[in-house]
Amino acid sequence: MLAHENSPLKQTPLHALHLARGAKMVPFAGYDMPVQYTAGVLKEHLHTRKDAGLFDVSHMGQLVLKAKSGKVGDAALALEKLVPQDIVGIAPGRQRYAQFTNDDGGLLDDLMVANFGDHLFLVVNAACKAEDEAHLRTHLCDTCEIVSLADRALIALQGPKAESALAKLCADVSSMKFMDAGPRRVADIDCFVSRSGYTGEDGFEISVPADKAEALVAALLDNPDVLPIGLGARDSLRLEAGLCLYGHDIDTTTTPVEGALEWSVQKVRRSGGARAGGFPGADKILSQFAQGASRRRVGLRPDGRAPVREGALLFADAASSEQIGKVTSGGFGPSLNAPVAMGYLPTALSAVGTTVFAEVRGQRLPLKVAATPFVPNTYKR
């Protein structure tokens, strides 16, 4: 996810604000991004769980998909050629999690898709956004217009006090439920707001014109309940929530079934459904729904206090030389005051409570397969 060494780093519209707030900046997905502020990762993480944290996610890609017919249903049907989700069934003012798949059933990226009434609004991952846009243009340009919204910033406001903080600037948000999405006027600025995020907490993502982003963020940070939060705490929050990070927990070699993302593929797109298949890799993915996959993403709770990091090899016992899996995300969970991890194991060893071993600095450390999320989510249903 880091930028190539020789590539100049891009800056988000909030770059100057990060520096003014004392952020430590690091390269991430080609951007100069804040990894933490003066409070530090631990305090930022716990503040988000207790109050409200504000994240700059302007490095993400924002796209409009509009059918040339003018009918949003035609745009939805077109997008269903590239993803295994029910896009036609997304009601106006709602959004859904989806994945672009390849011909082998692997995941090119994961994304959010919202129905804005006459078009679809897509948010894709920063490291994949150029490829995602090219993918859409290659396959859908005959029937759809694809517009990159490069002139917009994106911020996330997450935590139990996110609603009260945002409601001071936009009263409408209090009536929104989890995964509601659409245009809203926030602090007299025309924005797109969704009640969603990637921390496991209630919260919002707000797309705002780039030239208005700093004013909006400053207004939110005027609230003492809201602190700016860097990528470090964003990662520990999403890990505690059991949420995948693209390029780590899921990638072009993992299918939705292997990634434990079956819940994201609606019945209408599965075998026997009204619009079953028709997406890249459908044969493999649908066969895994019927017969199971040989491996599966699982939550892992290491014994003791030592974190087990990404890349650690997994074994069935303390002495075996045969690797059975690998950790894909791992670190310390501040909310639990304990280490947590995710990784892939053979399906036969994926049941909650199963003990496996990770190799860390030449030693075998025991871990137990655990249910995710590690911390209960607090979405407003």
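The structure presented is a predicted model; accordingly, all values stated were derived computationally and were not measured.
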- Task: Can you measure from CG (Asp109) to CG (Asn102) and round to the nearest 0.5 angstrom?
- Result: 12.0 Å
- Message: Quick check: do Phe315 and Val356 have side-chain heavy atoms less than 4.5 Å from each other?
- Response: no
- Task: Drop me the distance from Tyr344's OH to Ile250's CD1, to the nearest 0.5 angstrom.
- Result: 7.0 Å
- Message: Checking Asp51 against Lys161 for the salt bridge (charged side-chain N to carboxylate O under 4.0 Å, His left out) test, could you report, in this order, the C-alpha distance in whole Å, the side-chain angles of both residues, the deciding distance, and whether it holds?
- Response: CA-CA 5 Å; Asp51 296 304; Lys161 296 184 181 176; 2.8 Å; yes
- Query: Counting only heavy atoms not in Lys68, do more than 12 sit closer than 6.0 Å to its NZ atom?
  - Reply: yes
- Is there a side-chain contact between Val226 and Leu157, using heavy atoms and a 4.5 Å cut-off? yes
- Output yes when Asp303 and Lys368 qualify as a salt bridge under the 4.0 Å nitrogen-oxygen rule, no when they do not. no
- If we ignore angles and hydrogens, is there a donor and acceptor under 3.5 Å between the side chains of Asp249 and Ser329? yes
- Query: Have Thr48 and Gln158 got a donor and an acceptor in their side chains that come within less than 3.5 Å?
  - Reply: no
- Message: Take a 6.0 Å sphere around CG of Asp211 and say whether it holds more than 12 heavy atoms from other residues, nucleotides or ligands.
- Response: yes
- Pair Ser207, Arg152: side-chain N/O donor-acceptor within cut-off below 3.5 Å: yes
- Task: Could you give me the CA-CA distance, side-chain angles and deciding distance for Asp172 and Arg185, then say whether salt bridge (charged side-chain N to carboxylate O under 4.0 Å, His left out) is met?
- Result: CA-CA 9 Å; Asp172 291 353; Arg185 195 155 175 84; over 6 Å; no
- At what distance, to the nearest 0.5 angstrom, does CG of Asp56 lie from CD1 of Ile229? 12.5 Å
- Return the orientation label for the Trp263 and Tyr97 ring planes: parallel under 30°, perpendicular over 60°, tilted otherwise. parallel
- Query: Between Lys284 and Asp104, does at least one N-O distance fall below 4.0 Å, as a salt bridge requires?
  - Reply: no
- Task: Indicate yes or no: at least one non-hydrogen side-chain atom of Glu163 is less than 4.5 angstrom from one of Ser174.
- Result: yes
- Task: Report the distance from atom CD1 of Ile285 to atom CD of Glu262, rounding to the nearest 0.5 Å.
- Result: 11.0 Å
- Item | Cation-pi geometry met for Arg184 and Phe204 (6.0 Å, 45°) | no
- Query: Among all residues two or more places apart in sequence or in another chain, which pass the ring pair (Phe, Tyr, Trp, His ring centres under 6.0 Å) test with Phe55?
  - Reply: none
- salt bridge (charged side-chain N to carboxylate O under 4.0 Å, His left out) partners of residues 352-366, not counting sequence neighbours, each pair once: Glu359-Arg364
- Message: With no hydrogens and no angle check, just 3.5 Å: does a side-chain donor-acceptor pair link His45 and Ser335?
- Response: yes
- Within-4.5 Å side-chain heavy-atom neighbours: Leu154 and Glu205: yes
- Message: Are more than 12 heavy atoms, taken from residues, nucleotides or ligands other than Lys267, located less than 6.0 Å from that residue's NZ atom?
- Response: no
- Exercise: do Thr328 and Glu310 side chains pair donor with acceptor under 3.5 Å: no
- Under-4.0 Å salt bridge between Glu201 and Arg49: yes
- Mind checking whether His18 and Pro228 have side chains closer than 4.5 Å, heavy atoms only? no
- Query: salt bridge (charged side-chain N to carboxylate O under 4.0 Å, His left out) between Arg275 and Glu80: does it pass, once the steps are laid out?
  - Reply: CA-CA 9 Å; Arg275 296 190 310 285; Glu80 285 191 1; 2.7 Å; yes
- Item | Check: Thr254 and Arg295 side chains under 4.5 Å, non-hydrogen atoms | yes
- Is the closest side-chain donor-acceptor distance between His15 and Tyr31 under 3.5 Å? no
- Any side-chain heavy-atom pair of Leu17 and Leu221 under 4.5 Å: yes
- Message: Considering only residues two or more places apart or on different chains, which pairs with a residue in residues 128-142 satisfy salt bridge (charged side-chain N to carboxylate O under 4.0 Å, His left out)?
- Response: Glu133-Arg137
- Note, Pro366 side chain near Pro302 side chain (heavy atom, < 4.5 Å): no
- Answer with yes or no whether the side chains of Gln85 and Gln99 bring together a donor and an acceptor at under 3.5 Å. yes
